[in-house]
*Asks:* 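Mind having a look at this structure? Questions to follow.
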Amino acid sequence: MLDRKFILENVAQVKQNNANRGVTADVDRLVTLEQQRRAKRQEADELNRQANETSKRIGKAKDPAEKEAIKDEGRRLREQKDAAEAEHDRLDAEIFDILRLIPNLSHPDAPVGPGEEANREIRRGRHEPRKFGFKPRDHVELAEMHDLIDFEAGAHVAGHGFYFLKNEAVLLELALQKYAVDLLLAEGFTPTITPDLARTDVLQGVGFIPRGPETQIYSIENSDLNLVATAEITLGGMHAGKVLDAEQLPLHYCGVSHCFRTEAGAAGRASRGIYRVHQFTKVEMFAFTRPEHSDATLERFCDLQCRLFDGLEIPYRVVDTATGDLGGSAYRKYDLEAWMPGRGDAGEWGEVTSTSNCTDYQARRLGTRFKQKGEKGTQFVHTLNGTAVAISRALIAILENFQDEDGAITIPGALQGWVGKDRIGVKM
RNA sequence: GGAUGGGUGGCCGAGUGGUCGAAGGCGGCAGUCUUGAAAACUGCUGAUGUCGGAAGGCAUCCGGGGGUUCGAAUCCCUCCCCAUCCGCCA
């Protein structure tokens with residue numbers, strides 16, 4: 001959520017930003033309604049003040065008849081106040097409906113454009129895409145060769161989009177988790193394993209919409225719980241409604257969770273294999289920072305992602321996400337796209353991680369603030385999230401990049417210790 | 001799933017229907033004392049909105065929502081959440 005006062009004072013900027021992001025929201029109407037709402041608020045406050053004053057006079061009145069007269073006046077004032085307040089609440093609800101459509105502001109350096117075509121490549125990994133002397137297989141084929149992923153069994157028990165990891169794929173998942181957590185631990189992150197479910201108000205605070213036709217969220221029937229789509233939800237909700245001390249900041253968490261996504265409307269879109277699935281495991285980074293530190297923290301998260309993938313020897317590029325592709329909460333977002341040799345005709349970049357600076361947009365909705373000692377009032381913290389490793393996508397990159405002509409797969413050196421071998425598919 | 005007890009300011013914790021934004025404590029800030037610090041003592045110290053140049057004023061906020069009343073942290077209803085115990089269970 002943006003600050004209403006800010007919107008009123010920067011109408012043109014907000015409108016331009018909406019346009020850059022491809023969002024339609026009636027900002028003019030919001031401005032009108034907000035002005036009306038404020039007037040109603042003042043009216044209600046004034047009536048309430050008079051009513052309070054009247055109530056105090058009742059005790060002092062001696063004559064019973066006079067007392068009754070004052071009571072009547074008090075009742076009348078309360079009624080008027082209630083009416084003004086009801087109108088205020090109606091306006092407020094309408095304003096909120098518009099407000100929730102308005103996305104965060106955008107970083108001035110973020111490329112402006114309608115979609116991912118406008119993303120700007122800003123960086124490459126240490127390893128360039130390898131030249132294959134043969135036609136590389138895609139991860140589905142490789143997984144089948146080595147019995148690493150059982151799609152059929154997954155569909156059998158849970159439907160399309162679910163799968164069993166098997167054999168070395170399991171070891172790779174565990175190794176990737178350990179690899180990512182260890183690195184972040186050394187960087188001062190507090191490691192957590194978060195709940196895989198969260199309440200609806202937490203989802204909404206972080207910016208996820210658990211209802212509606214286009215929802216990505218699985219909800220638990222007869223409860224207020226939802227399966228999380230990312231640990232960003234649970235980590236972001238940790239301090240909802242709290243006022244933190246400025247000295248506590250920044251807080252850096254890393255969270256391991258399962259991620260569940262309905263992928264509504266994504267049918268047929270790069271749906272082969274485990275690129276887009278209903279469940280996967282992810283190690284997530286999350287930070288609560290002071291406003292002046294969020295830009296630098298985004299760079300740090302991006303650097304950490306690069307270190308993680310450089311360490312796995314996976315080729316990748318980093319793109320600065322265009323305004324039209326930022327989503328609602330992000331002020332700036334970097335995507336790390338790994339080279340996936342089995343995608344498309346001759347390989348394609350595929351998003352493996354993503355990191356966003358959400359500034360105070362999530363915090364305002366979540367009510368996560370901080371207080372600077374000796375200063376009056378509170379401020380909203382800034383929140384940032386970033387993928388350390390999304391296991392399913394990392395698996396694709398590993399299988400496809402490290403395959404040999406006979407289909408054998410070399411396990412990245414960084415993971416060999418945990419997997420317990422250096423190759424998959426070597427004939428004994 | 002059953003039983004009970006709770007949800008009050010940054011934190012802990014009192015609170016008779018009006019004098020309660022709310023005792024007390026902790027924490028924080030300032031001062032006294034001290035070479036300095038600690039301790040001790042004294043004073044100050046909630047958030048949000050709104051008006052005002054400022055000083056300050058006003059309104060709201062005691063889990064959420066509804067009700068009773070001229071007036072509710074306090075009484076009633078309802079929902080949510082949290083804790084403990086029992087049962088079941090990895």
Side-chain angles (χ1 to χ4, degrees), chain A residues 1-9 30-31 33-93 95-96 99 193-205 210-211 219-226 233-234 237-251 256-258 288 290 360 363-381:
Chain A
M1 253 188 331
L2 288 186
D3 178 33
R4 295 176 185 202
K5 200 187 292 176
F6 178 87
I7 296 174
L8 258 56
E9 287 163 2
L30 183 144
V31 170
L33 291 169
E34 175 65 7
Q35 281 159 351
Q36 291 173 5
R37 185 193 70 83
R38 287 185 179 199
K40 275 292 162 200
R41 176 78 271 159
Q42 286 184 45
E43 187 185 328
D45 282 356
E46 173 59 20
L47 286 164
N48 201 223
R49 190 189 63 74
Q50 291 177 22
N52 287 341
E53 213 167 64
T54 307
S55 287
K56 282 179 191 150
R57 271 161 47 209
I58 290 169
K60 293 179 197 149
K62 298 164 189 80
D63 175 15
E66 187 193 344
K67 217 170 209 168
E68 283 311 310
I70 302 175
K71 281 191 185 183
D72 280 345
E73 192 188 343
R75 244 189 298 263
R76 190 177 52 75
L77 284 164
R78 294 277 177 206
E79 276 167 20
Q80 287 177 14
K81 176 223 130 196
D82 286 346
E85 204 151 64
E87 176 63 8
H88 168 272
D89 291 349
R90 196 193 61 70
L91 289 164
D92 197 49
I95 289 163
F96 189 71
L99 194 59
I193 294 176
T194 87
D196 284 341
L197 284 81
R199 273 194 220 103
T200 300
D201 56 304
V202 174
L203 289 257
Q204 286 172 340
R211 282 182 292 274
S219 296
I220 307 294
E221 211 175 354
N222 299 323
S223 82
D224 195 29
L225 291 170
N226 312 269
I233 292 169
T234 39
M238 281 179 92
H239 303 299
K242 294 268 189 263
V243 180
L244 306 166
D245 288 333
E247 303 91 277
Q248 289 178 262
L249 300 174
L251 290 168
V256 183
S257 85
H258 293 114
F288 298 89
R290 303 172 56 123
D360 61 0
R364 184 168 291 109
R365 187 82 177 271
L366 285 164
T368 304
R369 298 173 293 160
F370 72 95
K371 181 164 178 59
Q372 177 70 55
K373 283 199 174 60
E375 279 179 21
K376 207 130 178 70
T378 59
Q379 291 182 68
F380 289 108
V381 300

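Side chains included, hydrogens not; waters and symmetry mates left out as well; all remaining heavy atoms used. Because the structure is a prediction, the values reported are computed rather than measured. Lettering follows sequence order; numbering is per chain, from 1.
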*Asks:* I'd like to know if the side chain of Arg290(A) pairs up with that of Gln372(A) as donor and acceptor (distance under 3.5 Å, no hydrogens or angles considered).
*Replies:*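 Looking only at side-chain atoms, Gln372(A) and Arg290(A) do form a donor-acceptor pair, the distance falling under 3.5 Å.
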
*Asks:* Using atom C1' of each nucleotide, how far apart are rG21(B) and rG13(B) to the nearest Å?
*Replies:*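 Approximately 16 Å lies between the C1' atom of rG21(B) and that of rG13(B).
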
*Asks:* With both distances kept under 3.5 Å, what pairs with rC75(B), Watson-Crick or G-U wobble?
*Replies:* rG67(B)

*Asks:* What string of B, S and - do you get for nucleotides 51-61 of chain B 5' to 3' if you count protein non-hydrogen atoms under 4.0 Å?
*Replies:* -------SSS-

*Asks:* rC58(B) pairs with which nucleotide, Watson-Crick or G-U wobble, both distances below 3.5 Å?
*Replies:* rG49(B)

*Asks:* Residues two or more places apart in sequence or in another chain: which of them pass side chain to side chain contact (heavy atoms under 4.5 Å, CB included) with Pro210(A)?
*Replies:*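 Pro210(A): side chain to side chain contact (heavy atoms under 4.5 Å, CB included) contacts with Thr200(A), Leu203(A), Gln204(A), Ile217(A), Ser219(A), Asn226(A).
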
*Asks:* Apply salt bridge (charged side-chain N to carboxylate O under 4.0 Å, His left out) to Glu85(A) and list each qualifying residue two or more places apart in sequence or on a separate chain.
*Replies:* Arg41(A), Lys81(A)

*Asks:* Write down the distance separating the C1' atoms in rA22(B) and rU74(B), rounded off to the nearest Å.
*Replies:*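 It works out to 12 Å between them.
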
*Asks:* Do Glu79(A) and Arg76(A) meet the salt-bridge criterion of a basic N to acidic O distance under 4.0 Å?
*Replies:*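 The answer is no: the pair does not qualify as a salt bridge.
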
*Asks:* Both distances below 3.5 Å, Watson-Crick or wobble geometry, any strand: find the nucleotide opposite rA40(B).
*Replies:*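 Base partner found: rU32(B).
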
*Asks:* Surrounding CD1 of Ile193(A) (heavy atoms of other residues, nucleotides or ligands, distance under 6.0 Å), is the total greater than 12?
*Replies:* no

*Asks:* Side-chain N or O of Thr378(A) less than 4.0 angstrom from OP1 or OP2 on rU48(B)?
*Replies:* yes

*Asks:* Quick one: is Lys5(A) getting a side-chain N or O under 4.0 Å of the rU50(B) phosphate, OP1 or OP2?
*Replies:*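 For rU50(B), OP1 or OP2 has a side-chain N or O of Lys5(A) closer than 4.0 Å.
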
*Asks:* Going by distance alone, is a donor N or O of one side chain under 3.5 Å from an acceptor N or O of the other, for Gln50(A) and Glu46(A)?
*Replies:*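 A donor-acceptor contact under 3.5 Å links the two side chains.
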
*Asks:* Could you give the distance separating rC12(B) and rG7(B) at their C1' atoms, to the nearest angstrom?
*Replies:*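 To the nearest whole Å, 14 Å.
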
*Asks:* Going by purine N1 to pyrimidine N3 plus the second Watson-Crick contact, or the G-U wobble pair, all under 3.5 Å, which nucleotide sits opposite rA3(B)?
*Replies:*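 WC or wobble partner is rU84(B).
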
*Asks:* Please confirm whether the shortest side-chain N or O distance from Arg75(A) to OP1 or OP2 of rU68(B) is below 4.0 Å.
*Replies:* no

*Asks:* Starting at CG of Leu366(A), measure out to CG of Asp360(A) and round the result to the nearest 0.5 Å.
*Replies:*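 Answer rounded to 0.5 Å: 11.5 Å.
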
*Asks:* In terms of the nearest nucleotide of RNA chain B, which residue is placed more toward the 5' end: Gly377(A) or Arg199(A)?
*Replies:*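 Residue closer to the 5' terminus by nearest nucleotide: Gly377(A).
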
*Asks:* Between rG63(B) and rG57(B), how many Å separate the two P atoms, rounded to a whole number?
*Replies:*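 The same atom, P, in both gives a distance of 27 Å.
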
*Asks:* Using the P atom in both, what is the distance from rA23(B) to rG15(B), to the nearest Å?
*Replies:* 14 Å

*Asks:* With C1' as the reference atom in both, quote the distance from rC85(B) to rG65(B) in angstrom, rounded to an integer.
*Replies:*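 Comparing C1' positions in rC85(B) and rG65(B) gives a spacing of 31 Å.
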
*Asks:* Under a 3.5 Å cut-off for both contacts, is rG24(B) paired Watson-Crick or G-U wobble with anything, and if yes, with which nucleotide?
*Replies:* rC12(B)

*Asks:* Between Asp245(A) and Ala51(A), who's closer to the 5' end of RNA chain B by nearest nucleotide?
*Replies:*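 Per heavy-atom nearest nucleotide, the more 5' residue is Asp245(A).
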
*Asks:* rG46(B), OP1 or OP2 - any side-chain N/O from Lys371(A) closer than 4.0 Å?
*Replies:*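 Result: no.
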
*Asks:* C1' atom, rG31(B) versus rC70(B): distance in rounded Å?
*Replies:*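 rG31(B) and rC70(B) have their C1' atoms separated by 46 Å.
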
*Asks:* Rounding to an integer number of Å, can you tell me how far Gln248(A) CD sits from rG27(B) P?
*Replies:*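 Whole-Å distance recorded here is 16 Å.
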
*Asks:* If we take the C1' atom in both rU16(B) and rG10(B), what is their distance in whole Å?
*Replies:*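 The same atom, C1', in both gives a distance of 29 Å.
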
